[in-house]
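To keep things clear, I will list the structure first and then write my remarks on it.
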Amino acid sequence: MRYSGSFIHTLKEVPADAEVISHRLMLRAGMIRKVAAGVYDILPLGLRALRKVENIVREEMNRAGALEVLMPLVIPAELWKESGRWDVYGKELLRFKDRHEREFCLGPTHEEVITDMVRREVRSYRQLPLNLYQIQIKFRDEIRPRFGLMRGREFIMKDAYSFHAAEDDADREYQNMYDTYTRIFERCGLDFKAVEAETGAIGGRFSHEFMVLADTGEDVIVNCSECGYSANLERAECKELNVADMPSEEVMLPLKKVGTPDVKSVEEVSSFLKVSPDKLIKTLVYETDGGEVVALVRGDFELNEAKLKRHLGCEWLVLAEEDTVRRVTGAPVGFAGPIGLKIRIVADYSIQGVINGVTGANEGDHHYINVNPERDFKVSAFADLRMAVDGDSCPRCGGSMGLSRGIEVGHVFKLGRKYSEAMKACFLDDSGKEQSMIMGCYGIGVGRTVAAAIEQNHDENGIIWPVPIAPYQVYILPVNCKKADIMETAERIYAELVDRGIETIIDDRDERAGVKFNDADLLGVPWRITVGSKIKEGKVELKRRDSAEAELVETDRVPGLLQDRIREELKVS
RNA sequence: CGGGGCGUGGCGCAGUCUGGUAGCGCACCUGAAUGGGGUUCAGGUGGCCGGAGGUUCGAAUCCUCUCGCCCCGACCA
């Protein structure tokens, strides 16, 4: 491509609202432009990178035995009502009516559509297993879209769904997809980690997320350096306190009520009463579809709502409103405690180790001190309910765990029969008996993968594309377009590279060299050929974007040399 | 949805407090010089200041309403 005929408009300054590196660089390099909150134009340069990732995904999915399909973006409400998610999914699901007042939604994910497709086609176990995927635009009306392609409302996603006659076959495919994802992200040149994850509203039994390691990531990963256990913070298990292992000299003191005027938060209480936060018992009232529940967690920890939800086995749960707290505890928010409460109480394991703790007295401006679990109040269960923290012991090996940040680029789920049962996706097994299919589902955020690649591969001058996903592979930079000999050489190399099928930009703009160097660095094309004064010796400069040094190469050798090197870097292991 | 902030040429901003009819940098166009890391000089195009209403002789500026956007939080395959 000739730069002079391109649609690349680089920026020196970026819109003030672009916060993260990948968003800034994609704007500056002219890859994307914002149309509305979380909705973007993908410009030619950006689309090329996106397509590269798509193609890698497509190649690997096909190789893994999956079949590509294309499902509609606009989905009739009936399908979502059938699965039960029409009422559960919330405002992220963009709903609307057509001219006949029929209800539709824009597909945020396609379990319903694919299940409907498969149930209409499949009758027999002989037609299974199946793995169908698509690469398509999704729409989710995110509460707060941000970070460019990282969290848009409209985005390109590869979603795959597998259908099986037996559990072990579903497990086999889960592993197959896990391995495929590993290959995909390796080919994209990413430093990533597969971690155990929550299943969220998609449902299902267990899952892994593929996280690209980056400080700007929105997710927190917990990782054990010793045994390799790693999980999303939402999911990360915490080891049960072994009370017997932590003998305490402390003697239980008599329960006492003390005045704590207007002292509510953990920090306030702990500084007012001069006790450390790990002596406090935080009392949180939740409303759930199964009624109100109180959850206890030690003052220095945070409650993990995903764990609470799982423990209670409820559909939804939300921190109670002020009125509810007042009704349940008889006190304003900030003075709740477990003593004397008439509703179900569940407590984090950490509570078991509290001796002479502090809780609210269920009375305004009062707390209890010397509170001892079991002696002063009963709980219906102790469970793992808290967020893991840096330095926690690993639930598997007891080693020390650390926290780091990641960007979720892929997610594999084992769904089980959640959708097939709700939507009656059945088949006849080899004994002629009707059974529900077992399902798995597997997603990759294509745009997010591109953004993540930039987060991981850039410097102060711009993007540094890994070769497999670079929008162009070679950038020819004639230092002065007014010099006929320079342009002749540049054009000759360009023609030769194009002939060899190498994706090349020739910067034929009548700009000063500095402008071109800066744009070349910003665009991040992996190989740069600088055509300048060295042509007098029959040579040009060859430089990799990620290296500081350039090498002088004889002009005639350049195309062949580059072809070999690029082929080497694209080689699939 | 709660808290905070912002809407002025394509982008980054000043002007708003203290009303007088819009300015700077980048980008873009023309010309000249320059030609290996965002060069220089000269000239130029483009904005009824998010929208509506009000106050006023006069509103980007003051008042009311409204729309949009951003940040933090809650939320999130």
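The structure presented is a predicted model; accordingly, all values stated were derived computationally and were not measured. These values consider heavy atoms only, across backbone and side chains, with no hydrogens, waters or symmetry-generated copies. Each chain gets a letter, A, B and so on, in the order its sequence line appears, and its residues count up from 1.
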At under 4.0 Å between heavy atoms, what does [X] touch on the DNA or RNA strands: base, sugar-phosphate, or nothing?
{"X": "E209(A)", "result": "nothing"}
{"X": "F155(A)", "result": "base"}
{"X": "E511(A)", "result": "base"}
{"X": "D141(A)", "result": "nothing"}
{"X": "R509(A)", "result": "nothing"}
{"X": "D17(A)", "result": "sugar-phosphate"}
{"X": "R28(A)", "result": "base"}
{"X": "K483(A)", "result": "nothing"}
{"X": "E218(A)", "result": "nothing"}
{"X": "V318(A)", "result": "nothing"}

What's the [atom1]-[atom2] distance between [X] and [N], to the nearest Å?
{"X": "N480(A)", "N": "G37(B)", "atom1": "CG", "atom2": "P", "result": "12 Å"}
{"X": "E92(A)", "N": "C1(B)", "atom1": "CD", "atom2": "P", "result": "15 Å"}
{"X": "D510(A)", "N": "G35(B)", "atom1": "CG", "atom2": "P", "result": "13 Å"}
{"X": "N232(A)", "N": "C75(B)", "atom1": "CG", "atom2": "P", "result": "13 Å"}
{"X": "Y40(A)", "N": "C69(B)", "atom1": "OH", "atom2": "C1'", "result": "11 Å"}
{"X": "L93(A)", "N": "C76(B)", "atom1": "CG", "atom2": "C1'", "result": "13 Å"}
{"X": "E302(A)", "N": "A74(B)", "atom1": "CD", "atom2": "C1'", "result": "13 Å"}
{"X": "F147(A)", "N": "C70(B)", "atom1": "CZ", "atom2": "P", "result": "12 Å"}

[atom1] gap between [N] and [M], integer Å:
{"N": "C11(B)", "M": "C6(B)", "atom1": "C1'", "value": "16 Å"}
{"N": "C69(B)", "M": "C24(B)", "atom1": "P", "value": "31 Å"}
{"N": "C63(B)", "M": "U16(B)", "atom1": "P", "value": "14 Å"}
{"N": "G54(B)", "M": "A59(B)", "atom1": "C1'", "value": "11 Å"}
{"N": "C49(B)", "M": "U61(B)", "atom1": "P", "value": "8 Å"}
{"N": "C75(B)", "M": "G51(B)", "atom1": "C1'", "value": "31 Å"}
{"N": "G38(B)", "M": "G50(B)", "atom1": "P", "value": "36 Å"}
{"N": "C13(B)", "M": "U8(B)", "atom1": "P", "value": "10 Å"}

Can you figure out which of [options] approaches the side chain of [X] most closely?
{"X": "T530(A)", "options": "G38(B), G36(B), C71(B)", "value": "G36(B)"}
{"X": "E13(A)", "options": "G36(B), G12(B), G38(B)", "value": "G12(B)"}
{"X": "K34(A)", "options": "C75(B), G38(B), C70(B)", "value": "C70(B)"}
{"X": "R512(A)", "options": "C76(B), U34(B), C75(B)", "value": "U34(B)"}

For [N], the Watson-Crick or wobble partner whose two distances fall under 3.5 Å:
{"N": "G37(B)", "result": "none"}
{"N": "G12(B)", "result": "C24(B)"}
{"N": "U18(B)", "result": "none"}
{"N": "U61(B)", "result": "none"}

With a 3.5 Å cut-off and heavy atoms only, can you find an N or O donor on one side and an acceptor on the other between the side chain of D519(A) and the base of G37(B)? no

Any N or O donor-acceptor pair under 3.5 Å from the base of G37(B) to the side chain of D521(A)? yes

Taking the nucleotide of RNA chain B with the closest heavy atom to each, which residue, P108(A) or V479(A), is nearer the 5' end? V479(A)

Return whichever of A16(A) or L11(A) has its heavy-atom-nearest nucleotide of RNA chain B closer to the 5' end. A16(A)

Short question: side chain of N518(A), backbone of D521(A) - any donor-acceptor pair under 3.5 Å? no

Centroid-centroid under 6.0 Å between H411(A) and F413(A) rings: yes

Before we go on, tell me: are the rings of W80(A) and Y89(A) under 6.0 Å apart, centre to centre? yes

Going through the distances and angles, do R509(A) and D507(A) end up as a salt bridge (Lys or Arg N to Asp or Glu O under 4.0 Å)? CA-CA 6 Å; R509(A) 294 175 299 171; D507(A) 194 344; 2.9 Å; yes

Using a strict 4.0 Å threshold on nitrogen-to-oxygen distance, state whether [X] and [Y] make a salt bridge.
{"X": "D510(A)", "Y": "K482(A)", "result": "yes"}
{"X": "K418(A)", "Y": "E111(A)", "result": "no"}
{"X": "E218(A)", "Y": "R151(A)", "result": "yes"}
{"X": "D141(A)", "Y": "K91(A)", "result": "no"}

Does [X] place a side-chain N or O at less than 4.0 Å from the phosphate oxygens OP1/OP2 of [N]?
{"X": "K12(A)", "N": "A27(B)", "answer": "yes"}
{"X": "R144(A)", "N": "C71(B)", "answer": "yes"}
{"X": "R146(A)", "N": "C72(B)", "answer": "yes"}

